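FYI, the numbering just counts along the sequence from 1. Computed from a predicted model, the values in this text were never measured in an experiment.
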Amino acid sequence: MTRIEREKATVEVMVRLYCRRRLGVDELPQEYAELLAYARKRLDCCKFGEAKPTCRKCPVHCYAPARRELMRTVMRWCGPRMILYHPVMAIRHIIGR
């Protein structure tokens with residue numbers, strides 16, 4: 001699995017976890033489905049490719065400000081919980097920083 005594919009999988013798990021546990025819904029609300037599609041598109045278009053740094057350390061912020069803030073909210077909530085729900089994915093993400 002490539003780094004971009006891993007990033008996509010991690011983002012999807014985080015968005016779904018946020019919606020299921022924080023918002024209490026099983027289906028992705030429209031706003032979060034759009035966020036997930038947007039994140040996938042941004043990852044596909046990343047100019048750094050497999051040498052991509054984490055978004056926090058990236059010199060090019062390719063997310064629109066509103067979507068960046070929404071993704072930041074999702075990641076802040078999910079980050080500490082990923083070790084409980086998806087420990088292997090969380091450890092890979094930490095090591096890959």
Can [Y] be reached from [X] by stepping across I, L, V, M, F, W or Y side chains whose heavy atoms are under 4.5 Å apart?
X     : Y     : value
Tyr85 : Tyr32 : yes
Val88 : Met14 : no
Met75 : Met89 : yes
Ile95 : Ile83 : yes

Are more than 12 heavy atoms, taken from residues, nucleotides or ligands other than Glu27, located less than 6.0 Å from that residue's CD atom? no
If you count heavy atoms of other groups shown closer than 6.0 angstrom to CZ of Arg22, is the number above 12? no
Shortest non-hydrogen separation from [X] to [Y] and the atoms involved:
X     : Y     : answer
Leu35 : Arg67 : CD1-O, 3.8 Å
Phe48 : Pro59 : CZ-CG, 3.7 Å
Ala39 : Tyr63 : CB-OH, 3.1 Å
Lys52 : Cys46 : CG-SG, 3.7 Å
Val60 : Lys47 : CG2-CE, 3.8 Å

[X] versus [Y]: any side-chain heavy-atom pair under 4.5 Å?
X     : Y     : answer
Arg92 : Arg6  : yes
Met71 : Val11 : yes
Met82 : Val13 : yes
Arg16 : Leu28 : yes

From CG (Leu17) to OG1 (Thr10), nearest 0.5 Å: 12.0 Å
Interatomic spacing from CZ in Arg21 to CG in Leu84 - rounded to 0.5 Å: 10.5 Å
Between Glu5 and Lys8, does any NZ, NE, NH1 or NH2 come within less than 4.0 Å of an OD or OE carboxylate oxygen? no
Under 3.5 Å, side chain of Arg42 to main-chain N/O of Cys62, donor-acceptor pair present? yes
Ala64 backbone acceptor or donor facing Tyr38 side chain under 3.5 Å: yes
